[in-house]
2 protein chains.
Amino acid sequence: MENRIFVGIIEDQLLFREGMKAILSTWPEFELVFECADGYSAIDKLNKCAITPDVMLVDLSLPPQGQKEFSGLHVTLALSEAYPDMKILILSVHEDENFITQLINHGAHGYLVKDVDPGEVQEAIISVHKKGAYINERTLRALQHNTGKKVRTVKLLTQITRREEEILQLICRQYTAEEIAEKLFISVKTVNGHRTNLLQKTGSRNVTGLVLYALKNNIVDLV
Amino acid sequence: MENRIFVGIIEDQLLFREGMKAILSTWPEFELVFECADGYSAIDKLNKCAITPDVMLVDLSLPPQGQKEFSGLHVTLALSEAYPDMKILILSVHEDENFITQLINHGAHGYLVKDVDPGEVQEAIISVHKKGAYINERTLRALQHNTGKKVRTVKLLTQITRREEEILQLICRQYTAEEIAEKLFISVKTVNGHRTNLLQKTGSRNVTGLVLYALKNNIVDLV
DNA sequence: CGGCGTATAGGTATAAATACCTGTTTTGAA
DNA sequence: TTCAAAACAGGTATTTATACCTATACGCCG
């Protein structure tokens, strides 16, 4: 029976990486077998690596590579596809619940905020390795709050204007065009114009499509 | 510093309850301070109880009380509202991912399938008490698959008929009343009748409200 | 400067949804 | 079997939404 756990780190900040290595060396069961500063080369290097890590610590905010962004999210996607047995533990400075949910949904097995103490890191690594998951209360809460939410599509931000988004939100609150016009001190015709544009831009047949679009893109919340 | 963890059990099967008590007595840090065979009386009894349990083990499949169903889900809802600090650990024979997600979304802090070994029970109790969560790989997988879904409201189950639900689903797919009528081989008048009932039952002003309701209650998925 | 997109407003139509009604048939549970 | 709810169908009317036009004012950018 092998007691050691092979650990890898993908982290761009050298200082933090060194700190993490120091923490890992405290416990004999951990063996660091892989480290990398960016997501792009990680997959390449892993193929050439003699030992595949059991647990990979991945920094969420990796630097962009040239034009393309390649964050911890992308790494998680790539790793969980290439190495289904590898357990992925996200390290992040963000406590944003959307981030947490997103990562978990894309294959991460655990999420740690970077201010955790070493003991929790140890616990988390062991937990993902043995149980396949490490979720603490904070993370659980994020998952609870975010079920039903998805992150807004990138293209959306440029497609839909501020005013259109405003009107879309009011539509989703079950206001009629007339009521929206009153609220915004504009003509009903204008509101209808915006709605027509929204239908066209979102490719919807009717308000139903607009509501679905708004929810998918997190323009409104499903409270 | 108090090391003991006060534990409660809500479980209708006497044999299983006794078995669990035996398991708990194995470890000195656990102290059983509450037990109950059904969900209805649990809240009542808890109010009269001198010690509020830190962790409550709740059987998912509690027997119905008279006409009304009152499962572990209802207990979870009630407990997490009445005792926000209490950690709820679900015991279930079901591995159904919808069940798991449902419970977690309604306030449960952990989910255990009943065939687990005593060691995992101990680990789970300690974990929910200290970390506020116990999620193993099985449960995590359920959450991953089911994020984006929410569980239908309890009242909904009796309120909305099958046919109405069917029509609501088609409405959410952007079909008009006429198209729905064609699809279901019924009259447009009938479709409108159903929709009128839906509007009334859900308290909506228009289709927008219907769509929101359908999404909230997982009648349709936000794919 | 000129072009582009946004926000604004209007007209004219039709399609669809919604509000009230009244019924009959089917189905499921007591 | 009996009864209530659900599913079905229809009428009439009004309100909203949607489609397809045009057109002006404003700001931004090359």
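The chains referred to below are lettered A, B, ... by the order of the sequence lines, with proteins before strands, and numbering in each begins at 1. Below, all heavy atoms of this structure are taken into account, side chains as well, without hydrogens, waters or symmetry copies.
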K.L.:
Please report, rounded to the nearest Å, how far the P atom of dA17(D) is from the CZ atom of Arg205(B).
P.N.:
9 Å

K.L.:
Is the phosphate of dT6(C) approached by Arg162(A) (side-chain N or O, under 4.0 Å from OP1 or OP2)?
P.N.:
no

K.L.:
I need the CG-P distance between Leu210(B) and dA17(D), as an integer number of Å.
P.N.:
14 Å

K.L.:
Between dA17(D), dT6(C), dA9(C), spot the one nearest the side chain of Lys201(A), thanks.
P.N.:
dT6(C)

K.L.:
Using whole Å, report how far CD of Gln200(A) lies from P of dT6(C).
P.N.:
11 Å

K.L.:
In whole angstroms, how far is the P atom of dT16(D) from the CG atom of Leu199(A)?
P.N.:
18 Å

K.L.:
Taking Tyr213(A)'s backbone N and O only, do any of them form a donor-acceptor pair with Thr202(A)'s side chain (distance below 3.5 Å, no angle check)?
P.N.:
no

K.L.:
Rounded to the nearest angstrom, tell me the gap between atom CG in Asn197(A) and atom P in dA17(D).
P.N.:
16 Å

K.L.:
So which nucleotide from dA9(D), dT18(D), dA17(D) ends up closest to the side chain of Asn192(A)?
P.N.:
dT18(D)

K.L.:
Would you confirm whether His109(A), through its side chain, and Ile88(A), through its main-chain N or O, come within 3.5 Å as a donor-acceptor pair?
P.N.:
yes

K.L.:
Does NZ or CZ of Lys45(B) fall inside the cone over Phe34(B)'s six-membered ring, less than 6.0 Å from its centre and within 45° of the axis?
P.N.:
no

K.L.:
Is Val207(A) touching bases, backbone alone, or none of the nucleic acid, heavy atoms closer than 4.0 Å?
P.N.:
sugar-phosphate

K.L.:
Would you say dG10(C) has OP1 or OP2 under 4.0 Å from some side-chain N or O of Ser187(A)?
P.N.:
yes

K.L.:
Send over the distance from Arg163(A) CZ to dC26(D) P, rounded to a whole Å.
P.N.:
16 Å

K.L.:
Where each residue is assigned the nucleotide of DNA chain D containing its nearest heavy atom, which of Ser204(A) and Glu178(A) is assigned the position nearer the 5′ end?
P.N.:
Glu178(A)

K.L.:
Please compare Gly193(A) and Lys189(A) by the position of their nearest nucleotide in DNA chain C and report the one closer to 5'.
P.N.:
Gly193(A)

K.L.:
Check every atom of dA7(C), dA17(C), dA19(D) against the side chain of Glu164(A) and return the nucleotide holding the closest atom.
P.N.:
dA7(C)

K.L.:
Want to settle it: does Phe185(B) or Asn206(B) sit nearer the 5' end of DNA chain D, counting the closest nucleotide to each?
P.N.:
Phe185(B)

K.L.:
Does this structure show an ion pair linking Glu164(B) with Arg195(B), if we count only N-O contacts that are shorter than 4.0 Å?
P.N.:
no

K.L.:
State plainly whether the residues Glu166(B) and Arg163(B) are in salt-bridge range, i.e. N to O under 4.0 Å.
P.N.:
yes

K.L.:
Counting any heavy atom closer than 4.0 Å, what does His194(A) reach on the DNA or RNA strands: base, sugar-phosphate only, or nothing?
P.N.:
base

K.L.:
Rounded to whole angstrom units, what separation is found between the CD1 atom of Ile167(B) and the P atom of dA16(C)?
P.N.:
17 Å

K.L.:
Tell me the interatomic distance from Ile180(B), atom CD1, to dA7(D), atom P, rounded to whole angstroms.
P.N.:
15 Å

K.L.:
Is the shortest side-chain N/O distance from Arg195(B) to OP1 or OP2 of dA17(C) below 4.0 Å?
P.N.:
yes

K.L.:
Compare side-chain N and O positions of Thr196(A) against OP1 and OP2 of dA19(D) and report whether any pair is under 4.0 Å apart.
P.N.:
no

